[in-house]
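Notes to accompany the following structure.
Treat the numbers as computed from the prediction; the structure is a model and nothing was measured.
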Amino acid sequence: MRAASSTAPNRRAVAVILLIPLMVTLALWAFAWPAARIAPRDLPVGVAGAAPAAEQLERRFEQRDGAFEVHRYADEAAARAAIEDRVVYGAVVATPQGPHLLTASAASPVVSQLLREAVTASVPEGTQVEVTDVVAAPVGDPRGSALGASVLPLALAGMAAGAVVTLMGLRGARGALTLLAASALVGLAAAAVAHSWLGVITGDWWTEAGVLALTVLAIGSAVAGLGALLMVLLGNSFSGVTSAPQLLPEPVGAIGQWLPPGAGGSLLRSVAFFDGSAAGGPVLTLTLWSALGLAAVLLARRTPKPAEAAPAEPAREPALTG
């Protein structure tokens, strides 16, 4: 009996010893590998202006095979509209004075700097490249660092809400209402901090609060209803909020946009800086995750407690006969 009783703790200790390095390795792979492989991959950019100068600019982008996805526009106005609609991250306009670079640091400061370096390197030495930031990042967060850092707290809030609902055994309507209420309060608090205090986001206050709440709800319901804790953790590192999805290794960037953290980050940029442009896909992704998770919580039943054993009836003495 002693040997059997001591075997179980030993097995659990070995399992913990092996599990911790595995988890650390997975976390390093998920967070460090995409960051170490940042480079443009089919990054949508625009080229505008009259031929043949515009065609020459287009060929320079296409020389970097697979790095850029070039969109042609008739003039600068069309290129600006495409940037504001989040069709492209930036555009180069061919003018008689030389290339005119249009960027959108609100979409991604990293991409804006990358385009600036790429265009400057492609023109003859000494040529001045005029740069216009069509949709600039807010003064309170010119490098986009604070916006990128806000995704992790939202993911943690969603995971905490989902974990608490699961551990407390809240199922059915009570569990769903708990997730909805917690997400709404987190959205209001996060908007108060990011918009009102820090000035990191500058769109409509209530719309931003709704986006933040929907992001937390999608994460929390996925954890509580679907047990998708690992998927949410990967979604945070694959979100591309600190750079851009098109800068991450394939298919990491695409996968990140199918998960709540990435979709929430993209949707927040759209409503905060671009008047809701390109918001349809992220809204659909977050809504589907929320609906699936809440449905699982609503349909789940509490685990019934084991019924207490009925007290044994006292033994009756056998009746005497005769």
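- In this structure, the side chain of S112 engages the main chain of S108 through a donor-acceptor pair within 3.5 Å.
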For the pair L248 and R37, evaluate side-chain contact (heavy atoms from CB on, under 4.5 Å) and give the outcome as yes or no after the intermediate values.
-> CA-CA 7 Å; L248 300 179; R37 297 292 185 269; over 6 Å; no
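- Remark: E55 CD to R60 CZ distance equals 13.0 Å, nearest 0.5 Å.
- To the nearest 0.5 Å, atoms OG1 (T215) and CG (L267) are separated by 6.5 Å.
- Side-chain atoms of R41 come within 3.5 Å of backbone atoms of A39 as a donor-acceptor pair (strictly under, hydrogens ignored).
- The side chain to side chain donor-acceptor pair (under 3.5 Å) pairs that include a residue from residues 233-248 are Y89-Q246, where partners are two or more places apart or lie in different chains.
- A salt bridge between R80 and E76 is present, with a side-chain N of the basic residue lying under 4.0 Å from a carboxylate O of the acidic one.
- Put simply, CH2 on W33 and CD1 on I38 are 12.0 Å apart, with the number rounded to the nearest 0.5 Å.
- For the ring pair (Phe, Tyr, Trp, His ring centres under 6.0 Å) test, no residue two or more places apart in sequence or in another chain qualifies with F274.
- Here the straight-line distance linking atom CZ of R72 with atom CG of L57 works out to 9.0 Å at 0.5 Å rounding.
- Applying the side-chain contact (heavy atoms from CB on, under 4.5 Å) test between L170 and each of L177, V164, T178 identifies T178 as the sole match.
- Across every non-hydrogen atom of A218 and L286, the tightest pair is CB-O, 3.7 Å.
- Between the side chains of T132 and H100, at least one donor N or O lies within less than 3.5 Å of an accepting N or O.
- A continuous path of hydrophobic side-chain contacts links L292 to W289 [ILVMFWY only; heavy atoms under 4.5 Å].
- H71 places no side-chain N or O within 3.5 Å of a backbone atom of V45 that could act as its donor or acceptor partner.
- Judged purely by distance below 3.5 Å, without hydrogens or angles, the side chains of T103 and R116 never pair a donor atom with an acceptor atom.
- To the nearest 0.5 Å, atom CD of residue Q257 and atom OG1 of residue T285 are 8.0 Å apart.
- In this structure, a donor-acceptor pair under 3.5 Å is present between the side chains of S196 and W205.
- Within 6.0 Å of the CG atom in D85, the count of heavy atoms belonging to other residues, nucleotides or ligands exceeds 12.
- Residues E84 and S277 have side chains not in contact (no heavy-atom distance under 4.5 Å, counting atoms from C-beta outward).
- Note that the CD1 atom of I83 and the OH atom of Y73 stand 8.5 Å from one another [nearest 0.5 Å].
- Across every non-hydrogen atom of A79 and L102, the tightest pair is CB-CD1, 4.1 Å.
- Put simply, the side chain of S270 gets close to the backbone of S266: a donor and an acceptor are under 3.5 Å apart.
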